[in-house]
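From a predicted model like this one, the values you see are computed outputs, not experimental measurements. Only heavy atoms go into these numbers, but all of them, side chains included; no hydrogens, no water, no symmetry mates.
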Amino acid sequence: MKTMYRYIILGLLVLGIANQGVHSQSLDDYLKEAAENNPELKADYAGFEAALQKAPQVASLPDPTLTVSAFGRMIETRLGAQEARFSLTQMFPWFGTLKAQEDAATAAAQARFHQYINQRSLLFVDVKTRYAELYVLEKTIALKEENLNILDSYRELALSGFRSGNAPMVNVVKVDMEREAAITEIELLKDRKKPLEVQFNLLLNREKELPVVISDSLKLEQNLASMKEPENDIPFEEHPTLVALDSEKTALNSRITAIEKDGLPKFGLGVDYSIISKRTDANPEMNGQDAIMPMVSVTLPIFRKKYKAAKKEVEFMQVEVEARQTAQRNNLQSSYEMNLYEMNQTEKLLKLYEEQLERIDQATSLYVSGFANNTADFEEVLRMNQQKILLQTQQFEALKNGFIAQAQLEYVRSKTE
(Lines give C-alpha, C1' and ligand atoms only; values in the text may rest on other atoms or scores of the structure.)
Protein backbone atom coordinates (compact mmCIF):
# COMPACT_ATOMS: atom_id res chain seq x y z
CA MET A 1 0.00 0.00 0.00
CA LYS A 2 2.66 2.47 1.08
CA THR A 3 4.95 1.57 -1.85
CA MET A 4 2.09 1.95 -4.33
CA TYR A 5 1.28 5.43 -3.12
CA ARG A 6 4.90 6.46 -3.22
CA TYR A 7 5.04 5.48 -6.88
CA ILE A 8 1.92 7.51 -7.50
CA ILE A 9 3.47 10.49 -5.76
CA LEU A 10 6.58 10.17 -7.88
CA GLY A 11 4.34 10.36 -10.91
CA LEU A 12 2.47 13.39 -9.58
CA LEU A 13 5.32 15.43 -8.20
CA VAL A 14 7.39 17.10 -10.81
CA LEU A 15 11.10 17.48 -10.71
CA GLY A 16 12.47 20.80 -9.53
CA ILE A 17 15.18 22.78 -11.19
CA ALA A 18 18.48 21.01 -10.93
CA ASN A 19 20.53 24.15 -11.28
CA GLN A 20 19.52 26.67 -8.63
CA GLY A 21 21.30 29.42 -10.47
CA VAL A 22 18.90 29.24 -13.40
CA HIS A 23 15.47 30.69 -12.77
CA SER A 24 12.19 29.57 -14.32
CA GLN A 25 10.99 31.57 -17.29
CA SER A 26 7.62 30.00 -17.98
CA LEU A 27 4.48 29.43 -15.99
CA ASP A 28 4.84 25.65 -16.30
CA ASP A 29 8.32 25.84 -14.78
CA TYR A 30 6.99 27.88 -11.87
CA LEU A 31 4.21 25.35 -11.31
CA LYS A 32 6.75 22.53 -11.23
CA GLU A 33 8.90 24.41 -8.75
CA ALA A 34 5.90 25.15 -6.54
CA ALA A 35 4.82 21.50 -6.56
CA GLU A 36 8.22 20.46 -5.27
CA ASN A 37 9.12 23.26 -2.87
CA ASN A 38 5.96 24.77 -1.39
CA PRO A 39 6.13 24.15 2.40
CA GLU A 40 2.38 23.76 2.90
CA LEU A 41 2.28 21.12 0.18
CA LYS A 42 5.24 19.37 1.79
CA ALA A 43 3.34 19.40 5.08
CA ASP A 44 0.29 17.80 3.43
CA TYR A 45 2.47 15.10 1.90
CA ALA A 46 4.16 14.43 5.24
CA GLY A 47 0.69 14.11 6.79
CA PHE A 48 -0.20 11.53 4.16
CA GLU A 49 3.02 9.59 4.86
CA ALA A 50 2.23 9.71 8.58
CA ALA A 51 -1.27 8.37 7.93
CA LEU A 52 0.24 5.43 6.04
CA GLN A 53 2.08 4.40 9.20
CA LYS A 54 -1.19 3.92 11.09
CA ALA A 55 -2.28 0.74 9.27
CA PRO A 56 0.57 -1.53 10.45
CA GLN A 57 0.05 -0.26 14.01
CA VAL A 58 -3.63 -1.14 14.27
CA ALA A 59 -3.23 -4.40 12.33
CA SER A 60 -0.79 -5.84 14.85
CA LEU A 61 -1.62 -8.11 17.77
CA PRO A 62 -1.23 -6.65 21.26
CA ASP A 63 2.12 -7.34 22.86
CA PRO A 64 2.32 -10.58 24.87
CA THR A 65 2.43 -10.29 28.66
CA LEU A 66 5.23 -11.93 30.62
CA THR A 67 4.83 -12.17 34.40
CA VAL A 68 7.66 -13.27 36.71
CA SER A 69 6.97 -14.12 40.36
CA ALA A 70 9.63 -14.90 42.96
CA PHE A 71 8.55 -16.05 46.40
CA GLY A 72 10.10 -14.59 49.55
CA ARG A 73 8.88 -17.61 51.45
CA MET A 74 8.74 -20.68 49.28
CA ILE A 75 5.37 -22.30 48.82
CA GLU A 76 5.56 -25.97 49.65
CA THR A 77 3.99 -28.44 47.22
CA ARG A 78 3.86 -32.23 47.24
CA LEU A 79 6.77 -32.35 44.80
CA GLY A 80 8.87 -29.67 46.49
CA ALA A 81 9.10 -25.97 47.25
CA GLN A 82 7.91 -23.55 44.55
CA GLU A 83 10.80 -21.12 44.02
CA ALA A 84 9.65 -18.98 41.05
CA ARG A 85 6.86 -18.71 38.55
CA PHE A 86 6.77 -17.47 34.94
CA SER A 87 3.57 -16.71 33.01
CA LEU A 88 3.39 -15.78 29.30
CA THR A 89 0.03 -14.73 27.81
CA GLN A 90 -0.98 -13.55 24.30
CA MET A 91 -4.41 -11.99 23.75
CA PHE A 92 -6.26 -12.37 20.43
CA PRO A 93 -9.15 -10.10 19.39
CA TRP A 94 -12.24 -11.50 17.71
CA PHE A 95 -11.79 -12.76 14.16
CA GLY A 96 -11.63 -9.89 11.63
CA THR A 97 -11.08 -7.12 14.18
CA LEU A 98 -7.52 -6.37 13.09
CA LYS A 99 -8.50 -6.47 9.42
CA ALA A 100 -11.32 -3.97 10.00
CA GLN A 101 -8.96 -1.64 11.88
CA GLU A 102 -6.40 -1.90 9.09
CA ASP A 103 -9.05 -1.15 6.45
CA ALA A 104 -10.14 1.94 8.40
CA ALA A 105 -6.57 3.23 8.68
CA THR A 106 -5.86 2.53 5.01
CA ALA A 107 -8.99 4.41 3.89
CA ALA A 108 -8.05 7.32 6.16
CA ALA A 109 -4.62 7.43 4.51
CA GLN A 110 -6.31 7.45 1.10
CA ALA A 111 -8.36 10.44 2.23
CA ARG A 112 -5.16 12.27 3.21
CA PHE A 113 -3.70 11.44 -0.20
CA HIS A 114 -6.68 13.00 -2.02
CA GLN A 115 -6.50 16.02 0.28
CA TYR A 116 -2.87 16.40 -0.74
CA ILE A 117 -3.88 16.29 -4.42
CA ASN A 118 -6.52 18.95 -3.76
CA GLN A 119 -4.00 21.21 -2.01
CA ARG A 120 -1.66 20.85 -4.96
CA SER A 121 -4.43 21.98 -7.31
CA LEU A 122 -5.25 24.95 -5.06
CA LEU A 123 -1.57 25.86 -5.00
CA PHE A 124 -1.53 25.92 -8.80
CA VAL A 125 -4.50 28.32 -8.77
CA ASP A 126 -2.61 30.60 -6.37
CA VAL A 127 0.54 30.53 -8.51
CA LYS A 128 -1.43 31.29 -11.68
CA THR A 129 -3.28 34.12 -9.94
CA ARG A 130 -0.07 35.79 -8.73
CA TYR A 131 1.50 35.24 -12.14
CA ALA A 132 -1.45 36.91 -13.88
CA GLU A 133 -1.28 39.87 -11.49
CA LEU A 134 2.42 40.34 -12.24
CA TYR A 135 1.74 40.01 -15.96
CA VAL A 136 -0.90 42.76 -15.89
CA LEU A 137 1.32 44.95 -13.73
CA GLU A 138 4.25 44.69 -16.13
CA LYS A 139 2.01 45.31 -19.14
CA THR A 140 0.45 48.33 -17.44
CA ILE A 141 3.84 49.79 -16.59
CA ALA A 142 4.98 49.32 -20.19
CA LEU A 143 1.75 50.93 -21.41
CA LYS A 144 2.19 53.93 -19.11
CA GLU A 145 5.81 54.38 -20.22
CA GLU A 146 4.75 54.20 -23.86
CA ASN A 147 2.09 56.78 -23.06
CA LEU A 148 4.83 59.12 -21.81
CA ASN A 149 6.38 59.05 -25.27
CA ILE A 150 2.99 59.78 -26.80
CA LEU A 151 2.46 62.69 -24.41
CA ASP A 152 5.91 64.00 -25.35
CA SER A 153 4.86 64.05 -28.98
CA TYR A 154 1.59 65.77 -28.05
CA ARG A 155 3.56 68.35 -26.08
CA GLU A 156 5.63 69.10 -29.15
CA LEU A 157 2.42 69.35 -31.15
CA ALA A 158 0.88 71.77 -28.61
CA LEU A 159 4.09 73.78 -28.39
CA SER A 160 4.27 74.00 -32.17
CA GLY A 161 0.68 75.26 -32.26
CA PHE A 162 1.48 77.86 -29.62
CA ARG A 163 4.59 79.06 -31.48
CA SER A 164 2.63 79.41 -34.68
CA GLY A 165 -0.03 81.37 -32.84
CA ASN A 166 -2.75 78.83 -33.61
CA ALA A 167 -3.17 77.43 -30.07
CA PRO A 168 -2.89 78.73 -26.48
CA MET A 169 -0.05 77.87 -24.10
CA VAL A 170 -2.57 76.18 -21.81
CA ASN A 171 -2.46 73.10 -24.07
CA VAL A 172 1.22 72.64 -23.20
CA VAL A 173 0.38 73.01 -19.50
CA LYS A 174 -2.36 70.38 -19.80
CA VAL A 175 0.07 67.93 -21.42
CA ASP A 176 2.60 68.57 -18.63
CA MET A 177 -0.08 67.79 -16.06
CA GLU A 178 -0.87 64.54 -17.86
CA ARG A 179 2.84 63.63 -17.93
CA GLU A 180 3.31 64.31 -14.23
CA ALA A 181 0.30 62.15 -13.39
CA ALA A 182 1.60 59.38 -15.67
CA ILE A 183 5.08 59.48 -14.07
CA THR A 184 3.57 59.20 -10.58
CA GLU A 185 1.37 56.27 -11.67
CA ILE A 186 4.41 54.48 -13.08
CA GLU A 187 6.31 54.95 -9.81
CA LEU A 188 3.36 53.63 -7.80
CA LEU A 189 3.00 50.62 -10.10
CA LYS A 190 6.71 49.82 -9.78
CA ASP A 191 6.39 50.08 -5.99
CA ARG A 192 3.55 47.55 -6.12
CA LYS A 193 5.63 45.09 -8.14
CA LYS A 194 8.00 44.33 -5.27
CA PRO A 195 5.44 42.89 -2.79
CA LEU A 196 3.80 40.90 -5.60
CA GLU A 197 7.14 39.33 -6.51
CA VAL A 198 7.80 38.53 -2.86
CA GLN A 199 4.40 36.82 -2.56
CA PHE A 200 5.07 34.84 -5.73
CA ASN A 201 8.54 33.73 -4.61
CA LEU A 202 7.29 32.69 -1.18
CA LEU A 203 4.67 30.46 -2.83
CA LEU A 204 7.58 28.67 -4.50
CA ASN A 205 9.61 28.80 -1.26
CA ARG A 206 12.37 30.70 -3.05
CA GLU A 207 14.52 33.62 -2.01
CA LYS A 208 12.15 36.56 -1.90
CA GLU A 209 14.61 38.80 -3.76
CA LEU A 210 14.76 36.60 -6.86
CA PRO A 211 13.41 38.22 -10.04
CA VAL A 212 10.24 36.80 -11.55
CA VAL A 213 10.37 36.44 -15.32
CA ILE A 214 6.96 36.86 -16.98
CA SER A 215 6.22 35.62 -20.49
CA ASP A 216 4.68 37.80 -23.17
CA SER A 217 1.11 36.54 -22.98
CA LEU A 218 -1.54 34.81 -20.89
CA LYS A 219 -3.10 31.90 -22.74
CA LEU A 220 -6.86 31.61 -22.60
CA GLU A 221 -8.90 28.62 -23.70
CA GLN A 222 -10.18 29.56 -27.14
CA ASN A 223 -12.98 27.01 -27.19
CA LEU A 224 -15.15 27.45 -24.11
CA ALA A 225 -17.41 24.63 -25.26
CA SER A 226 -14.59 22.19 -24.50
CA MET A 227 -14.72 23.28 -20.84
CA LYS A 228 -18.47 22.77 -20.51
CA GLU A 229 -20.00 19.57 -19.23
CA PRO A 230 -23.18 17.91 -20.51
CA GLU A 231 -26.28 19.17 -18.72
CA ASN A 232 -27.17 15.80 -17.21
CA ASP A 233 -23.64 14.85 -16.30
CA ILE A 234 -22.23 15.47 -12.82
CA PRO A 235 -18.64 16.49 -13.55
CA PHE A 236 -17.41 16.61 -9.97
CA GLU A 237 -17.60 13.07 -8.56
CA GLU A 238 -13.91 12.49 -9.29
CA HIS A 239 -12.85 15.81 -7.77
CA PRO A 240 -10.18 15.19 -5.09
CA THR A 241 -12.28 16.74 -2.32
CA LEU A 242 -15.24 14.46 -3.02
CA VAL A 243 -13.03 11.41 -3.48
CA ALA A 244 -11.36 12.22 -0.14
CA LEU A 245 -14.78 12.33 1.53
CA ASP A 246 -15.64 8.99 -0.09
CA SER A 247 -12.49 7.56 1.48
CA GLU A 248 -13.53 9.01 4.84
CA LYS A 249 -16.91 7.28 4.52
CA THR A 250 -15.13 3.99 3.76
CA ALA A 251 -12.91 4.49 6.79
CA LEU A 252 -15.94 5.13 9.02
CA ASN A 253 -17.71 2.00 7.74
CA SER A 254 -14.63 -0.03 8.62
CA ARG A 255 -14.47 1.62 12.04
CA ILE A 256 -18.05 0.52 12.77
CA THR A 257 -17.11 -3.03 11.82
CA ALA A 258 -14.05 -2.82 14.07
CA ILE A 259 -16.15 -1.48 17.00
CA GLU A 260 -18.70 -4.25 16.60
CA LYS A 261 -15.98 -6.89 16.59
CA ASP A 262 -14.19 -5.21 19.47
CA GLY A 263 -17.38 -5.71 21.48
CA LEU A 264 -17.06 -9.47 21.08
CA PRO A 265 -15.00 -11.72 23.43
CA LYS A 266 -11.22 -11.69 23.25
CA PHE A 267 -9.23 -14.85 23.80
CA GLY A 268 -5.90 -15.36 25.47
CA LEU A 269 -3.49 -18.26 25.17
CA GLY A 270 -0.58 -18.71 27.53
CA VAL A 271 1.65 -20.95 29.52
CA ASP A 272 2.50 -20.97 33.21
CA TYR A 273 5.92 -22.35 34.25
CA SER A 274 6.85 -22.97 37.89
CA ILE A 275 10.32 -23.86 39.16
CA ILE A 276 10.12 -26.56 41.88
CA SER A 277 13.02 -27.50 44.15
CA LYS A 278 13.51 -31.12 45.28
CA ARG A 279 12.28 -32.29 48.63
CA THR A 280 14.95 -33.51 51.03
CA ASP A 281 12.67 -35.04 53.59
CA ALA A 282 11.03 -37.44 51.12
CA ASN A 283 11.41 -38.67 47.58
CA PRO A 284 7.97 -38.80 45.89
CA GLU A 285 7.60 -39.69 42.24
CA MET A 286 8.59 -36.72 39.99
CA ASN A 287 10.31 -35.09 42.99
CA GLY A 288 11.45 -31.51 42.10
CA GLN A 289 10.04 -31.63 38.58
CA ASP A 290 9.08 -28.17 37.26
CA ALA A 291 5.41 -27.59 36.49
CA ILE A 292 4.16 -26.47 33.07
CA MET A 293 0.52 -25.47 32.76
CA PRO A 294 -1.20 -24.23 29.55
CA MET A 295 -3.74 -21.45 30.06
CA VAL A 296 -6.74 -20.11 28.18
CA SER A 297 -8.42 -16.83 29.12
CA VAL A 298 -11.48 -15.01 27.80
CA THR A 299 -12.28 -11.32 28.10
CA LEU A 300 -16.02 -10.82 28.50
CA PRO A 301 -17.22 -7.42 27.19
CA ILE A 302 -20.24 -7.18 29.47
CA PHE A 303 -20.12 -3.41 29.92
CA ARG A 304 -21.74 -2.42 26.65
CA LYS A 305 -22.20 1.31 27.11
CA LYS A 306 -18.77 2.28 25.76
CA TYR A 307 -19.23 0.16 22.61
CA LYS A 308 -22.66 1.62 21.95
CA ALA A 309 -21.34 5.17 22.44
CA ALA A 310 -18.37 4.54 20.15
CA LYS A 311 -20.63 3.20 17.41
CA LYS A 312 -23.04 6.11 17.82
CA GLU A 313 -20.14 8.55 17.55
CA VAL A 314 -19.07 7.07 14.23
CA GLU A 315 -22.64 7.11 12.93
CA PHE A 316 -22.85 10.85 13.63
CA MET A 317 -19.52 11.28 11.87
CA GLN A 318 -20.99 9.50 8.86
CA VAL A 319 -23.87 11.98 8.80
CA GLU A 320 -21.34 14.81 9.04
CA VAL A 321 -19.29 13.50 6.10
CA GLU A 322 -22.40 12.97 3.99
CA ALA A 323 -23.48 16.57 4.64
CA ARG A 324 -20.00 17.90 3.90
CA GLN A 325 -19.98 15.97 0.65
CA THR A 326 -23.30 17.48 -0.41
CA ALA A 327 -22.12 20.98 0.53
CA GLN A 328 -18.86 20.53 -1.35
CA ARG A 329 -20.67 19.26 -4.43
CA ASN A 330 -22.90 22.35 -4.32
CA ASN A 331 -19.88 24.62 -3.89
CA LEU A 332 -18.16 23.06 -6.88
CA GLN A 333 -21.29 23.44 -9.00
CA SER A 334 -21.66 27.08 -7.94
CA SER A 335 -18.00 27.85 -8.64
CA TYR A 336 -18.21 26.08 -11.99
CA GLU A 337 -21.15 28.19 -13.13
CA MET A 338 -19.64 31.47 -11.92
CA ASN A 339 -16.22 30.87 -13.47
CA LEU A 340 -17.78 29.75 -16.73
CA TYR A 341 -19.76 33.01 -16.74
CA GLU A 342 -16.59 35.01 -16.07
CA MET A 343 -14.79 33.32 -18.94
CA ASN A 344 -17.71 34.06 -21.26
CA GLN A 345 -17.65 37.65 -20.03
CA THR A 346 -13.91 37.90 -20.69
CA GLU A 347 -14.39 36.60 -24.21
CA LYS A 348 -16.99 39.27 -24.97
CA LEU A 349 -15.12 42.10 -23.26
CA LEU A 350 -11.87 41.38 -25.07
CA LYS A 351 -13.70 41.43 -28.39
CA LEU A 352 -15.39 44.73 -27.43
CA TYR A 353 -12.16 46.38 -26.30
CA GLU A 354 -10.38 45.31 -29.48
CA GLU A 355 -13.08 46.92 -31.63
CA GLN A 356 -13.19 50.08 -29.51
CA LEU A 357 -9.41 50.50 -29.59
CA GLU A 358 -9.49 50.37 -33.39
CA ARG A 359 -12.11 53.12 -33.44
CA ILE A 360 -10.21 55.21 -30.89
CA ASP A 361 -7.08 54.99 -33.04
CA GLN A 362 -9.11 56.25 -35.99
CA ALA A 363 -10.66 59.06 -33.92
CA THR A 364 -7.30 60.07 -32.44
CA SER A 365 -5.74 60.28 -35.88
CA LEU A 366 -8.59 62.50 -37.04
CA TYR A 367 -8.37 64.77 -33.98
CA VAL A 368 -4.60 65.17 -34.33
CA SER A 369 -4.97 66.06 -38.00
CA GLY A 370 -7.81 68.42 -37.15
CA PHE A 371 -5.78 70.15 -34.44
CA ALA A 372 -2.87 70.59 -36.83
CA ASN A 373 -5.28 72.17 -39.31
CA ASN A 374 -7.02 74.29 -36.62
CA THR A 375 -10.29 72.41 -36.96
CA ALA A 376 -10.25 70.41 -33.70
CA ASP A 377 -9.80 71.17 -30.03
CA PHE A 378 -6.60 69.88 -28.40
CA GLU A 379 -8.69 68.88 -25.39
CA GLU A 380 -10.26 66.15 -27.55
CA VAL A 381 -6.82 64.83 -28.46
CA LEU A 382 -5.97 64.39 -24.77
CA ARG A 383 -9.38 62.93 -23.99
CA MET A 384 -9.02 60.32 -26.74
CA ASN A 385 -5.58 59.42 -25.42
CA GLN A 386 -6.93 59.00 -21.89
CA GLN A 387 -9.78 56.90 -23.21
CA LYS A 388 -7.35 54.66 -25.06
CA ILE A 389 -5.18 54.16 -21.96
CA LEU A 390 -8.30 53.35 -19.94
CA LEU A 391 -9.49 50.78 -22.49
CA GLN A 392 -6.08 49.16 -22.69
CA THR A 393 -5.84 48.82 -18.90
CA GLN A 394 -9.38 47.40 -18.85
CA GLN A 395 -8.30 44.98 -21.56
CA PHE A 396 -5.41 43.79 -19.38
CA GLU A 397 -7.72 43.45 -16.37
CA ALA A 398 -10.25 41.47 -18.38
CA LEU A 399 -7.49 39.16 -19.60
CA LYS A 400 -6.25 38.68 -16.03
CA ASN A 401 -9.75 37.98 -14.70
CA GLY A 402 -10.39 35.51 -17.51
CA PHE A 403 -7.08 33.74 -16.88
CA ILE A 404 -7.82 33.44 -13.14
CA ALA A 405 -11.36 32.22 -13.88
CA GLN A 406 -9.90 29.64 -16.26
CA ALA A 407 -7.46 28.47 -13.56
CA GLN A 408 -10.31 28.15 -11.06
CA LEU A 409 -12.44 26.34 -13.64
CA GLU A 410 -9.61 23.90 -14.24
CA TYR A 411 -9.44 23.33 -10.48
CA VAL A 412 -13.19 22.71 -10.24
CA ARG A 413 -13.00 20.23 -13.12
CA SER A 414 -9.86 18.53 -11.80
CA LYS A 415 -9.89 14.81 -11.13
CA THR A 416 -7.83 12.54 -8.95
CA GLU A 417 -5.13 10.91 -11.04
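- Of the possible polar contacts, none joining the Gln115 side chain to the Thr241 backbone as a donor-acceptor pair under 3.5 Å is found.
- Checked by atom type and distance alone, the side chain of Gln406 pairs as donor or acceptor with a backbone atom of Lys219 at under 3.5 Å.
- For the pair Glu237/Arg329, a side-chain contact is recorded, criterion being any heavy-atom separation below 4.5 Å from C-beta on.
- Between the side chain of Thr97 and the backbone N or O of Pro93 there is no donor-acceptor pair closer than 3.5 Å.
- Here the NZ-CG distance, from Lys174 to Leu151, works out to 14.0 Å after rounding to the nearest 0.5 Å.
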*Would Lys190 and Glu187 count as a salt bridge (Lys or Arg N to Asp or Glu O under 4.0 Å) if you check the C-alpha gap in whole Å, the side-chain angles of each, and the deciding distance to 0.1 Å?*
CA-CA 5 Å; Lys190 288 182 177 179; Glu187 291 175 352; over 6 Å; no
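- Under a cut-off of 6.0 angstrom, the local environment of CE in Met177 is sparse, with at most 12 non-hydrogen atoms contributed by other residues, nucleotides or ligands.
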*Carefully, step by step, assess Val321 and Leu252 under the rule side chain to side chain contact (heavy atoms under 4.5 Å, CB included).*
CA-CA 9 Å; Val321 170; Leu252 292 175; 3.9 Å; yes
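- Residues Glu209 and Lys194 are paired through a salt bridge, judged by an N-O separation under 4.0 Å between the basic side chain and the carboxylate.
- At a threshold of 4.5 Å between non-hydrogen side-chain atoms, the residues Ser335 and Glu337 do not count as touching.
- Ring geometry for Phe378 against Phe371 counts as tilted: the plane angle lies between 30° and 60°, on a 0 to 90° scale.
- Of the possible polar contacts, none joining the Ser365 side chain to the Gln362 backbone as a donor-acceptor pair under 3.5 Å is found.
- Residue-environment remark: CD (Glu40) stays at or below the threshold of 12 foreign heavy atoms within 6.0 Å.
- Checked by atom type and distance alone, the side chain of Thr364 pairs as donor or acceptor with a backbone atom of Ile360 at under 3.5 Å.
- Side-chain contact between Ser414 and Ser121 is present, with at least one heavy-atom pair separated by less than 4.5 Å.
- At least one side-chain heavy atom of His239 sits under 4.5 Å from a side-chain heavy atom of Asn118.
- How far CD of Gln392 is from CD of Gln387: 11.0 Å, rounded to the nearest 0.5 Å.
- Ring centroid separation for the pair Phe200 and Tyr30 comes in under the 6.0 Å cut-off.
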*Test side chain to side chain contact (heavy atoms under 4.5 Å, CB included) on Ile256 and Ser254 and set out the steps.*
CA-CA 5 Å; Ile256 285 184; Ser254 296; over 6 Å; no
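- How far CZ of Arg255 is from CD of Gln318: 9.5 Å, rounded to the nearest 0.5 Å.
- Residue Leu350 holds its CG atom at 10.0 Å from CD of Gln345, rounded to the nearest 0.5 Å.
- Taking CZ of Phe86 as the reference point, atom CD1 of Ile292 lies at 12.0 Å (rounded to 0.5 Å).
- Ring geometry for Phe267 versus Phe95: interplanar angle of 30 to 60°, hence tilted.
- The minimum heavy-atom distance linking Leu98 with Ser60 is given by the pair CD2-O, 3.6 Å.
- Using a cutoff of 4.0 Å between basic side-chain nitrogens and carboxylate oxygens, Lys99 and Asp103 are scored as salt-bridged.
- In this structure, Tyr116 has its ring center at least 6.0 angstrom away from the ring center of Phe48.
- In this structure a side-chain-to-backbone donor-acceptor pair under 3.5 Å is present from Thr184 to Glu180.
- The side-chain contact (heavy atoms from CB on, under 4.5 Å) test applied to Phe92 returns Leu61, Gln90, Leu269, not counting sequence neighbours.
- Heavy atoms of other residues, nucleotides or ligands lying less than 6.0 angstrom from CE of Met293 number more than 12.
- When atom types are taken as modelled, the side chain of Asn38 and the backbone of Leu41 share a donor-acceptor pair closer than 3.5 angstrom.
- The pair Glu397-Lys400 meets the salt-bridge criterion, since a charged nitrogen lies less than 4.0 angstrom from a carboxylate oxygen.
- For the side-chain contact (heavy atoms from CB on, under 4.5 Å) test with Tyr131, the passing option among Leu203, Leu27, Leu196, Asp126 is Leu27; the others fail.
- Inter-residue side-chain proximity for Met338 and Gln333 is flagged as unmet; no heavy-atom pair is nearer than 4.5 Å.
- The number of heavy-atom neighbours closer than 6.0 Å to NZ of Lys54, taken from other residues, nucleotides and ligands shown, is 12 or below.
- Under the 3.5 Å distance criterion, the side-chain polar atoms of Asp262 are left unmatched by any main-chain donor or acceptor of Ala258.
- Of the charged side-chain nitrogens involved, at least one lies within less than 4.0 Å of a carboxylate oxygen, so that Glu138 and Lys193 count as a salt-bridged pair.
- Distance OG1/Thr67 to CZ/Arg85: 9.0 Å, rounded to 0.5 Å.
- Below 30°, between 30° and 60°, or above 60°: for Phe236 and Tyr336 the angle between ring planes is above 60°, a perpendicular geometry.
- The neighbour count for Glu355 CD, taken as heavy atoms of other residues, nucleotides or ligands under 6.0 Å away, is above 12.
- Looking at Ser369, its side chain never comes within 3.5 Å of a backbone N or O of Leu366 through a donor-acceptor pair.
- Here Lys42 does not pair with Glu36 in a salt bridge; the nearest charged N to carboxylate O distance is not below 4.0 Å.
- Of all heavy-atom pairs spanning Leu88 and Pro64, the tightest one is CD1-CB, 4.2 Å.
- One finds no salt bridge joining Glu178 and Arg155 here, because no Lys/Arg side-chain nitrogen approaches an Asp/Glu carboxylate oxygen to under 4.0 Å.
- Asn147 contributes no side-chain N or O that, together with a main-chain N or O of Leu143, makes up a donor-acceptor pair within less than 3.5 Å.
- Between Leu123 and Gln119 there is no side-chain heavy-atom pair separated by less than 4.5 Å.
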*asked:* Apply side chain to side chain contact (heavy atoms under 4.5 Å, CB included) to residues Leu357 and Lys388 and explain how you reach the verdict.
replied: CA-CA 6 Å; Leu357 285 170; Lys388 181 177 180 180; 3.9 Å; yes
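- The side-chain contact (heavy atoms from CB on, under 4.5 Å) test with Leu204 singles out one residue from Leu210, Asn37, Val127, and that residue is Val127.
- Across all their heavy atoms, Met384 and Tyr367 have their closest contact at CG-CD1, 3.5 Å.
- Within a 6.0 Å radius of NZ in Lys311, other residues, nucleotides and ligands contribute 12 heavy atoms or fewer.
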*asked:* Apply side chain to side chain contact (heavy atoms under 4.5 Å, CB included) to residues Asp44 and Glu49 and explain how you reach the verdict.
replied: CA-CA 9 Å; Asp44 286 322; Glu49 284 278 12; over 6 Å; no
*Assess whether salt bridge (Lys or Arg N to Asp or Glu O under 4.0 Å) is satisfied between Glu248 and Arg324, documenting all intermediate values.*
CA-CA 11 Å; Glu248 286 189 32; Arg324 284 167 51 200; 3.5 Å; yes
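- The pair Asp152-Arg179 counts as a salt bridge, with a side-chain nitrogen and a carboxylate oxygen less than 4.0 angstrom apart.
- With a 4.5 Å cut-off on side-chain heavy atoms, Asp246 and Gln325 count as touching.
- The number of heavy-atom neighbours closer than 6.0 Å to CZ of Arg304, taken from other residues, nucleotides and ligands shown, is above 12.
- For the pair Val136/Leu399, no side-chain contact is recorded, criterion being any heavy-atom separation below 4.5 Å from C-beta on.
- Under the 4.0 Å criterion applied to side-chain N and carboxylate O atoms, Lys128 and Glu133 are not assigned as salt-bridge partners.
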